[in-house]
Amino acid sequence: MLRRRGCLYFCKPQAIWPSEDLDGYPRTLDADLAQLAARDTELVFTPTVDDIYPEGVNAHTTVSVPGLTDVLCGASRPGHFDGVSTVVCKLLNMVTADVAVFGQKDLQQLLLIQKMVKDLAIATQIVGMPTTRAGDGLALSSRNGYLSADERATAPTLYKTLQAISANILGGDRNFQALCADGRYTLEQAGFAVDYIEVRRCTDLATATKDDVHIAVFAAAKLGNTRLIDNIQLELKGVATT
């Protein structure tokens with residue numbers, strides 16, 4: 001069977017924040033194509049919105065994944081993850097990929113897609129890719145293009161705050177609520193408008209307890225008009241509590 005190294009490249013209309021303009025959303029297609037060419041990619045699938053939704057987004061059948069969509073980003077963005085699951089389901093069916101790679105920066109999205117593929121018996125293997133970061137720790141994202149120079153200098157505080165919380169947890173502190181409250185204060189003092197900062201179980205995104213082993217510290221916050229998200233996953237097996 002012929003196997004090709006390919007890439008899906010598509011912007012989801014439902015993933016755009018209400019204050020953002022889809023037409024003006026930062027895109028880096030030319031730069032991405034150059035990087036893909038350097039990695040011997042043989043083809044790139046770049047459908048338009050009309051290709052995916054020929055009758056319009058609102059007239060399209062929707063795929064909804066239960067259980068993972070009403071917390072974290074889903075709580076403040078109703079319907080967002082229905083858009084994610086719908087377009088990813090359609091793309092996977094269109095290209096019948098053997099493997100699809102999604103970044104762990106949006107861990108909630110990754111877990112959602114993994115569940116959707118399992119529930120709908122889609123034959124594509126979903127692989128999570130560790131978050132790619134700039135030298136100062138900021139998770140790379142097309143939305144970073146919205147940041148002003150001053151905001152870009154402040155933005156790494158989000159990751160540093162998650163690192164501080166994670167260090168305390170690995171040190172044995174299980175007062176997640178207090179740690180997150182301190183983290184929220186740090187971010188607000190730096191100029192962020194915090195949407196959430198929470199510790200949740202990685203398997204089902206339930207609120208983490210002191211007995212959970214695989215957890216993640218999640219955060220979403222706006223800096224100016226730019227919404228940033230990030231997370232750090234932690235494995236606590238064998239880590240003593242204080």
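Because the structure is a prediction, the values reported are computed rather than measured. Worth knowing before you read on, the calculation uses all heavy atoms, side chains too, and leaves out hydrogens, waters and symmetry mates. In this chain, residues are counted from 1 in sequence order.
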side-chain contact (heavy atoms from CB on, under 4.5 Å) assessment of Arg152 paired with Leu138: CA-CA 9 Å; Arg152 178 59 185 83; Leu138 179 64; 3.5 Å; yes

Closest non-hydrogen atom pair, Ile52 against Lys90: O-NZ, 2.6 Å

Tyr146 reachable from Leu158 in the ILVMFWY side-chain graph, under 4.5 Å edges: no

Atom pair CD (Gln114) and CD (Gln109), whose distance is rounded to the nearest 0.5 Å: 11.0 Å

Any donor-acceptor pair under 3.5 Å from Lys105 side chain to Leu140 backbone: no

Shared hydrophobic cluster, Phe102 / Ile232 (ILVMFWY, side-chain heavy atoms < 4.5 Å): no

Which atom of Val117 lies closest to which atom of Thr124, heavy atoms considered: CG1-O, 3.3 Å

Tyr196 side chain near Cys73 side chain, heavy-atom distance below 4.5 Å: yes

Thr48 versus Asp51, side-chain donor and acceptor atoms under 3.5 Å: yes

Distance (rounded to the nearest 0.5 Å) between Arg174 CZ and Thr241 OG1: 6.0 Å

Closest heavy-atom pair and its distance - Gln233, His214: OE1-NE2, 3.2 Å

Gln177 side, atom CD; Glu198 side, atom CD - distance, nearest 0.5 Å: 10.0 Å

Close side-chain approach of Leu91 and Pro47, heavy atoms under 4.5 Å: yes

Residues which pass side-chain hydrogen bond (donor to acceptor under 3.5 Å, both in side chains) with Ser64, listed by chain and number, not counting sequence neighbours: Asp82

For Leu111 against Cys202, the heavy-atom pair lying closest together: CD1-O, 3.1 Å

Single-linkage hydrophobic cluster Phe218~Phe176, side-chain heavy atoms < 4.5 angstrom: no

Shortest non-hydrogen contact from Val63 toward Leu120: CG1-CD1, 4.2 Å

Verify same cluster id: Leu72, Phe192 (apolar side-chain graph, 4.5 Å): no

Transitive ILVMFWY side-chain link Val84 to Phe45, under 4.5 Å: yes

Contact check, side chains of Thr61 and Thr86, non-hydrogen atoms, under 4.5 Å: no

Side-chain (Asp212) to main-chain (Thr209) donor-acceptor, under 3.5 angstrom: yes

Min side-chain heavy-atom separation Asp106-Leu110 under 4.5 Å: no

Heavy atoms of other groups near Asp119 CG, more than 12 under 6.0 Å: yes

Under 3.5 Å donor-acceptor, Gln108 side chain and Leu205 backbone: no

From Leu236 atom CG to Leu234 atom CG, the distance as rounded to the nearest 0.5 Å: 5.5 Å

Stacked cation flag Arg133 on Tyr159, 6.0 angstrom / 45 deg: yes

Stepwise side-chain contact (heavy atoms from CB on, under 4.5 Å) check, Leu228 with Ser141: CA-CA 8 Å; Leu228 303 174; Ser141 169; 5.8 Å; no

Value rounded to 0.5 Å, distance of CD1 in Ile197 from CG in Asn231: 11.5 Å

Hydrophobic cluster partners of Val213 (side-chain heavy atoms under 4.5 Å): none

Candidate pair Val194 and Glu188, rule side-chain contact (heavy atoms from CB on, under 4.5 Å), full reasoning: CA-CA 7 Å; Val194 179; Glu188 289 175 345; 3.9 Å; yes

Over 12 foreign heavy atoms within 6.0 Å of CE, Met94: yes

Whether Asn144 side chain and Ala139 backbone form a donor-acceptor pair below 3.5 Å: yes

Nearest-0.5 Å distance, CD1 of residue Ile215 to OG1 of residue Thr203: 11.5 Å

Ser85 versus Met116, closest heavy-atom pair with distance: O-SD, 3.2 Å

